[in-house]
Amino acid sequence: MSDLSATNIPALASSAYNQALEVIAAVEPRIAEATKQELVDQRASLKLIASENYASPAVLLTMGSWLSDKYAEGTVGHRFYAGCQNVDTVESLAAEHARELFGAEYAYVQPHSGIDANLVAFWSILAHRVEGPWLEKFGARGVNDLSEADWESLRAELGNQRLLGMSLDAGGHLTHGFRPNISGKMFHQQQYGTDPETGLLDYDAVRAKAKEFKPLVIVAGYSAYPRRVNFAKMREIADEVGATLMVDMAHFAGLVAGKVFTGEEDPVPHAHIVTTTTHKSLRGPRGGMVLATEEYAPSVDRGCPMVLGGPLSHVMAAKAVALAEARQPAFATYAQNVADNAKSLADGFLSRGAKLVTGGTDNHIVLLDVSSFGLTGRQAESALLDSGVVTNRNSVPADPNGAWYTSGVRLGTPALTTRGFGHDEFDRVAELIVDVLTNTSPGTTSAGAPSKASYAIGDGVAEKTKAAAAELLDKHPLYPGLELA
Ligand SMILES: *Cc1c(COP(=O)(O)O)cnc(C)c1O
């Protein structure tokens with residue numbers, strides 16, 4: 001299962017899909033059409049969005065069922081609704097696979113997304129701090145026993161909640177204390193960045209910042225940092241200042257699952273609490289998950305209804321299937337290929353003179369600095385999209401073009417590795433991208449001023465690139481055997 005060509009969809013499943021689409025079309029044909037068209041589009045483009053993947057047919061099929069119809073607020077064996085025996089089976093299995101796969105003491109598989117998983121973790125960290133001395137002070141057995149007045153005085157005491165997270169332009173995520181997300185309202189946030197010379201995480205600088213700021217929580221993890229993180233060092237720093245270490249492995253969970261990141265690079269043995277998505281490099285259904293030490297389990301368990309709505313049972317079932325897939329040896333091969341391919345892609349750029357943030361990669365992300373092509377990230381992203389290459393623009397450290405136009409393009413290897421792309425294909429992808437960007441020039445505004453958005457691609461370049469991309473994609477079909485009517 002290291003690539004999807006190994007999971008050929010049999011004719012029977014193909015006909016089941018077509019019949020399902022007919023059932024949908026009878027109610028709202030435009031939805032059936034958009035669903036079909038999405039497959040056509042995904043098949044026809046080089047998907048390099050680092051946070052996307054292609055889930056297996058088993059994972060996709062698991063989501064389309066009546067498990068969706070069941071309400072199951074609460075936890076396994078402790079539900080607020082009757083008749084949850086099958087959801088209990090589903091949730092227990094998903095949690096068991098997650099614990100076994102990641103070697104975690106405890107797993108909570110209900111979060112609907114990565115953001116939701118982070119909210120559960122934040123709640124849990126705050127609740128955990130309230131437990132112990134605070135509960136004693138108020139003579140309460142659990143946080144649920146605290147009265148409104150108790151909470152009022154707690155809020156006053158805990159008002160100074162501090163969170164130290166990675167800065168956005170160094171690759172951190174909005175949910176790590178930034179203002180557009182509630183984490184930026186719940187916490188006083190300060191940021192650690194990367195070394196301006198090397199672009200690498202500077203642990204001494206993180207330590208100095210932590211000692212000065214004395215955060216309640218240190219968040220490690222990223223969405224756009226092309227390097228590994230030493231979580232043992234991050235834990236050491238957290239311990240020195242008495243902070244909780246939360247690792248958000250949303251992006252690289254697949255590399256942890258596939259044992260590409262081990263020892264000090266594996267967050268699970270080092271963090272108090274780990275959050276993740278299940279749909280990025282982990283290649284499961286769209287969703288989130290929290291892994292924690294036993295100590296944090298009771299408060300994590302209160303995620304629903306504290307910050308989550310009722311669990312999506314059909315998605316928990318698909319998480320169980322995806323996690324079962326990730327426990328197979330083929331997934332470790334896949335994860336290693338994801339990392340090897342990122343190196344091939346990076347080398348492909350470097351050998352053609354392009355500039356990369358940190359000068360390379362050792363995970364699944366390559367961050368291309370497009371300023372050397374005289375373009376903004378926005379212009380590069382658009383020119384590539386016109387050429388059949390789907391990426392997303394991204395800030396680079398100390399970005400002169402800000403977070404909207406940016407100076408970078410983020411690329412990731414998880415999706416195309418699932419399709420079976422290897423070294424040669426990723427080298428060719430780098431060649432195609434360099435060719436498009438070399439032949440793209442910045443445009444001007446209607447008033448004739450330099451524009452950060454408009455651009456012009458050389459004659460025939462987009463068409464030529466699309467044809468070259470199609471050649472690569474045809475060799476590695478997506479969901480082979482699936483023929484839509
Ligand atoms: C993608 C991502 C998230 C958010 O995941 P959603 O499922 O979109 O809510 C959170 N944290 C990090 C680090 C991410 O990369």
Side-chain angles (χ1 to χ4, degrees), residues 71-76 78-80 87 90-92 94-99 101-102 104-131 142-144 146 151 158 161 163 165 172-178 181-187 189 215-221 223 243-251 253 256 267-268 271-280 282 284-313 315-316 319-320 323:
Y71 240 116
E73 279 178 8
T75 49
V76 175
H78 186 76
R79 305 283 185 189
F80 293 89
V87 180
V90 163
E91 185 170 352
S92 312
E96 180 188 311
H97 280 311
R99 286 193 309 270
L101 176 63
F102 291 106
E105 288 177 15
Y106 171 78
Y108 186 63
V109 297
Q110 290 190 20
H112 309 165
S113 76
I115 284 193
D116 293 10
N118 285 350
L119 270 181
V120 171
F122 291 141
W123 155 252
S124 173
I125 291 165
L126 292 174
H128 186 71
R129 286 300 168 109
V130 167
E131 278 157 2
V143 280
N144 287 348
L146 294 173
W151 274 112
L158 288 174
Q161 295 162 12
L163 179 149
H173 192 261
L174 280 177
T175 55
H176 300 177
F178 293 91
N181 179 257
I182 193 169
S183 59
K185 317 276 184 205
M186 292 165 72
F187 293 100
Q189 195 252 26
L216 171 73
V217 44
I218 296 179
V219 182
S223 300
T244 301
L245 178 64
M246 168 176 159
V247 176
D248 179 352
M249 64 171 184
H251 246 266
V256 179
V268 180
H272 296 93
I273 194 157
V274 175
T275 58
T276 185
T277 61
T278 47
H279 50 275
K280 298 182 181 177
L282 194 53
R286 191 154 287 279
M289 206 160 66
V290 180
L291 306 175
T293 53
E294 284 297 349
E295 206 188 350
Y296 284 82
S299 47
V300 169
D301 257 347
R302 294 193 212 107
C304 167
M306 187 57 68
V307 294
L308 298 176
L312 313 176
S313 305
V315 179
M316 291 197 296
K319 285 174 188 171
L323 291 164

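One is the number of the first residue; the rest follow in order along the sequence.
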When the ring planes of His78 and Phe80 are compared, do they come out parallel, tilted or perpendicular, using 30° and 60° as the limits? perpendicular
Apply side-chain hydrogen bond (donor to acceptor under 3.5 Å, both in side chains) to the pair His176 and Asp248, showing each step before the final yes or no. CA-CA 9 Å; His176 300 177; Asp248 179 352; 2.8 Å; yes
Identify the two heavy atoms, one from Leu245 and one from Ala271, that lie closest to each other, and give their separation to 0.1 Å. O-CB, 3.6 Å
Contacts of His272 meeting side-chain hydrogen bond (donor to acceptor under 3.5 Å, both in side chains) (sequence neighbours excluded), chain-then-number -> Arg235
Which distance, rounded to the nearest 0.5 Å, do you find between the CD1 of Ile182 and the CD1 of Ile115? 11.0 Å
Could you point out which residue of Thr275, Thr277, Thr276 forms a side chain to side chain donor-acceptor pair (under 3.5 Å) with Asn118? Thr275
Show the nearest heavy-atom pair for residues Ser183 and Gly177, with the distance to one decimal. OG-N, 2.9 Å
Donor-acceptor pair, Lys319 side chain versus Thr278 backbone, under 3.5 Å? no
Please determine whether side-chain contact (heavy atoms from CB on, under 4.5 Å) holds for the pair Leu308 and Tyr108, giving the CA-CA distance in whole Å, both sets of side-chain angles, and the decisive distance to 0.1 Å. CA-CA 12 Å; Leu308 298 176; Tyr108 186 63; 3.9 Å; yes
Answer with yes or no whether the side chains of Thr75 and Asp301 bring together a donor and an acceptor at under 3.5 Å. no
Go through the steps to decide whether Leu216 and Leu126 satisfy the test side-chain contact (heavy atoms from CB on, under 4.5 Å), and finish with yes or no. CA-CA 9 Å; Leu216 171 73; Leu126 292 174; 3.5 Å; yes
List in chain and number order the residues that pass side-chain hydrogen bond (donor to acceptor under 3.5 Å, both in side chains) with His251, two or more places apart in sequence or in another chain; answer none if no residue qualifies. His364, Arg410
Determine whether a donor-acceptor pair (N or O, by modelled atom type, separation under 3.5 Å) exists between the side chain of Gln110 and the backbone of Gly74. yes
Closest contact, heavy atoms only, Ala243 versus Ile218: CB-CG1, 3.9 Å
Distance-minimising heavy-atom pair for Arg302 and Met306: O-CB, 2.9 Å
May I have the step-by-step check of side-chain contact (heavy atoms from CB on, under 4.5 Å) for Phe102 and Met249, ending in yes or no? CA-CA 12 Å; Phe102 291 106; Met249 64 171 184; 3.6 Å; yes
Nearest heavy-atom pair of Val120 and Val300: which atoms, and what distance? CG1-O, 3.7 Å
Any donor and acceptor pair, going by atom type alone, linking the side chain of Ser124 with main-chain N or O of Ser299 inside 3.5 Å? no
Where Val247 and Pro267 come nearest, the two heavy atoms and their spacing: CG1-CB, 3.5 Å
Sequence neighbours left out, cut at 3.5 Å: what donor-acceptor pairs do the side chains of residues 286-296 make with other protein atoms?
| from | atom 1 | to | atom 2 | distance (Å) |
| --- | --- | --- | --- | --- |
| Glu295 | OE2 | His128 | NE2 | 3.1 |
| Tyr296 | OH | Thr244 | OG1 | 3.4 |

Do Met186 and Leu163 come close enough that some side-chain heavy atom pair is under 4.5 Å? no
Determine whether a donor-acceptor pair (N or O, by modelled atom type, separation under 3.5 Å) exists between the side chain of Arg79 and the backbone of Ala72. yes
If you count heavy atoms of other groups shown closer than 6.0 angstrom to OH of Tyr71, is the number above 12? no
